[in-house]
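The structure presented is a predicted model; accordingly, all values stated were derived computationally and were not measured.
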Amino acid sequence: GDYAKGTKNTPVSSGGVYAFDVLEGSGTNRALGGQPTGGDFTPGAFVFKLDNHTGSGITQMEIAFKVYLRNDQDSATRVTWQDSLDGTNFTQVGIDHATSVVSAGASAAWELNTDIQLAVNLNASELANDSSYYFRFFVEDAGGSGNWDEFAIDDISFTATRAVPEPASMMIILGGTALLLRRCTH
C-alpha cells in the first residue's frame with residue numbers, strides 16, 4: 001500500500017511512503033520520505049509522538065534533522081515543521097521551511113535543502129510527566145503543475161531537558177543529605 005513502498009534508489013512517480021537512498025545508490029543512507037500525488041502528501045504529514053516518562057517535567061526539547069529534496073518534477077513540494085501538546089492543534093516551529101523549485105532541475109539527484117537544529121522551550125507544567133509532545137513534518141503543494149518533487153527526512157533526533165527541582169525542594173534534599181551525614185559521623 002501507500003504506507004509501505006519500500007526502498008528506492010531512483011526517482012519514483014507512485015505516491016506514498018518510501019525509504020529513499022539520499023546518497024544515490026550507496027545503499028548506506030536511507031531516509032524517511034515520500035512522493036506527493038493528488039492523494040498523498042498534498043497535504044500530509046509524518047507525526048512523531050514523544051511520551052514523557054522521566055518522572056519530572058520537560059522544559060526544553062532539542063530537535064535536529066535534515067530535509068532532502070529531489071527537484072525532478074514541475075510542481076514544488078514544501079515541508080514545514082510544527083509541534084503540538086495535544087496532537088491536534090499544531091503550530092509552526094521557527095520560520096524556516098524546505099521548498100523545492102517549481103521547474104524541474106537539470107539533475108534528478110537528491111539535494112540537502114535544510115540542516116536544522118531547533119531548541120523548543122517548554123513550561124514544565126505544559127510537558128508534565130506522563131504527557132506527550134508531538135512533532136510533525138507537514139508536507140504540501142507549493143505551486144506548479146503536474147507531478148510533485150520527492151522529499152526525504154534524515155538524521156532525526158530528539159533530546160529532552162528535564163526540569164530542575166525548584167530551590168525549596170533542593171534545600172529539603174540537601175538538608176536531608178546533610179542530616180544523614182551528621183548521623184553517620186557521630
Side-chain angles (χ1 to χ4, degrees), residues 1-51 61-120 132-160:
D2 285 349
Y3 297 111
K5 294 290 189 168
T7 59
K8 292 293 180 188
N9 298 334
T10 57
V12 298
S13 59
S14 178
V17 177
Y18 292 86
F20 288 120
D21 181 3
V22 294
L23 293 182
E24 301 294 338
S26 70
T28 61
N29 194 14
R30 304 259 186 240
L32 175 65
Q35 169 62 62
T37 62
D40 296 303
F41 294 112
T42 56
F46 287 125
V47 180
F48 294 82
K49 178 184 177 192
L50 293 93
D51 293 326
M61 187 70 68
E62 293 180 22
I63 306 161
F65 56 89
K66 295 177 181 174
V67 177
Y68 288 85
L69 298 169
R70 185 192 315 256
N71 185 26
D72 64 341
Q73 301 297 323
D74 287 329
S75 281
T77 300
R78 177 180 300 116
V79 181
T80 57
W81 23 102
Q82 304 170 344
D83 72 351
S84 172
L85 293 170
D86 62 12
T88 303
N89 300 299
F90 285 85
T91 57
Q92 185 166 335
V93 178
I95 58 171
D96 292 329
H97 56 82
T99 305
S100 63
V101 179
V102 171
S103 300
S107 167
W110 284 105
E111 294 182 21
L112 176 61
N113 180 278
T114 307
D115 188 350
I116 293 287
Q117 293 184 340
L118 299 169
V120 179
S132 300
Y133 175 77
Y134 300 83
F135 188 85
R136 76 178 179 182
F137 295 95
F138 184 74
V139 182
E140 61 187 334
D141 177 5
S145 62
N147 293 329
W148 289 270
D149 297 325
E150 293 111 317
F151 67 94
I153 303 160
D154 199 14
D155 298 336
I156 305 165
S157 71
F158 297 91
T159 305

Q. Of all residues at least two apart in sequence or in a different chain, which pass the side chain to side chain donor-acceptor pair (under 3.5 Å) check with Asn29?
A. Asp154
(Q) A side-chain contact here means heavy atoms from C-beta on lying under 4.5 Å apart; do Tyr133 and Leu85 qualify? (A) yes
Q. For the residue pair Leu112 and Thr114, what are the closest heavy atoms and their distance?
A. CD1-O, 3.5 Å
**Q.** Counterpart residues, side chain to side chain donor-acceptor pair (under 3.5 Å), relative to Trp110 (two or more places apart)
**A.** none
Q) So, for Ala152 and Ala31, which heavy atoms are closest and what is the spacing to 0.1 Å? A) CB-CB, 3.8 Å
Atom pairs and distances, side-chain donor-acceptor, residues 95-103, under 3.5 Å, sequence neighbours left out:
from: His97; atom 1: ND1; to: Thr99; atom 2: OG1; distance (Å): 2.8
from: Ser100; atom 1: OG; to: Thr77; atom 2: N; distance (Å): 2.8
from: Ser100; atom 1: OG; to: Asp149; atom 2: OD2; distance (Å): 2.6

**Q.** From CZ (Phe90) to OG (Ser84), nearest 0.5 Å
**A.** 4.5 Å
Q: Calculate, to the nearest 0.5 Å, the distance between atoms CD and CD belonging to Gln35 and Gln73 respectively.
A: 6.5 Å
Q | Exam field: side chain Asp51 to backbone Ser132, donor-acceptor pair closer than 3.5 Å | A | no
Q.
How long is the straight-line distance from CZ of Phe65 back to CD1 of Ile116, given to the nearest 0.5 Å?
A. 5.0 Å
Q: Could you tell me whether the side chain of Thr91 reaches within less than 4.5 Å of the side chain of Asp83, counting heavy atoms only?
A: yes
Q: Find the distance between OG1 (Thr10) and CD (Glu150) and round it off to the nearest 0.5 Å.
A: 9.0 Å
**Q.** Residues Trp81, Val120; criterion side-chain contact (heavy atoms from CB on, under 4.5 Å); working and verdict
**A.** CA-CA 12 Å; Trp81 23 102; Val120 179; over 6 Å; no
Q) In Å and rounded to the nearest 0.5 Å, what is the CG to CG distance from Leu23 to Asn9? A) 10.5 Å
Q | Those residues that, when tested against Glu111, pass side chain to side chain donor-acceptor pair (under 3.5 Å) (two or more places apart) | A | none
Q) In chain order, what residues pass the salt bridge (charged side-chain N to carboxylate O under 4.0 Å, His left out) check against Arg78, with sequence neighbours excluded? A) Glu140
Q | Evaluation steps, side-chain contact (heavy atoms from CB on, under 4.5 Å), between Phe137 and Phe151 | A | CA-CA 11 Å; Phe137 295 95; Phe151 67 94; over 6 Å; no
Q) Does Arg30 reach the side chain of Asp21, with side-chain heavy atoms less than 4.5 Å apart? A) yes
Q: Only counting residues at least two apart or in another chain, list the ones meeting salt bridge (charged side-chain N to carboxylate O under 4.0 Å, His left out) with Lys8.
A: none
N/O donor-acceptor pairs under 3.5 Å from side chains in residues 11-20, not counting sequence neighbours:
from: Ser14; atom 1: OG; to: Lys5; atom 2: NZ; distance (Å): 2.8
from: Tyr18; atom 1: OH; to: Ser14; atom 2: O; distance (Å): 2.6

Q: Mind checking salt bridge (charged side-chain N to carboxylate O under 4.0 Å, His left out) for Asp86 and listing every partner two or more places apart, or none if nothing turns up?
A: none
Q | Gln82 versus Arg136, closest heavy-atom pair with distance | A | OE1-NE, 2.5 Å
What pairs of donor and acceptor atoms, side-chain ones from residues 37-48 against any protein atom, are under 3.5 angstrom apart with sequence neighbours left out?
from: Thr37; atom 1: OG1; to: Gly39; atom 2: N; distance (Å): 3.4
from: Thr37; atom 1: OG1; to: Asp40; atom 2: N; distance (Å): 3.4
from: Thr37; atom 1: OG1; to: Asp40; atom 2: OD2; distance (Å): 3.3
from: Thr42; atom 1: OG1; to: Thr37; atom 2: O; distance (Å): 2.7
from: Thr42; atom 1: OG1; to: Gly38; atom 2: O; distance (Å): 3.4

Q: Answer yes or no: is there a side-chain heavy-atom contact under 4.5 Å between Thr88 and Tyr134?
A: no
Q) salt bridge (charged side-chain N to carboxylate O under 4.0 Å, His left out) with Asp155: which residues, sequence neighbours excluded? A) Lys66
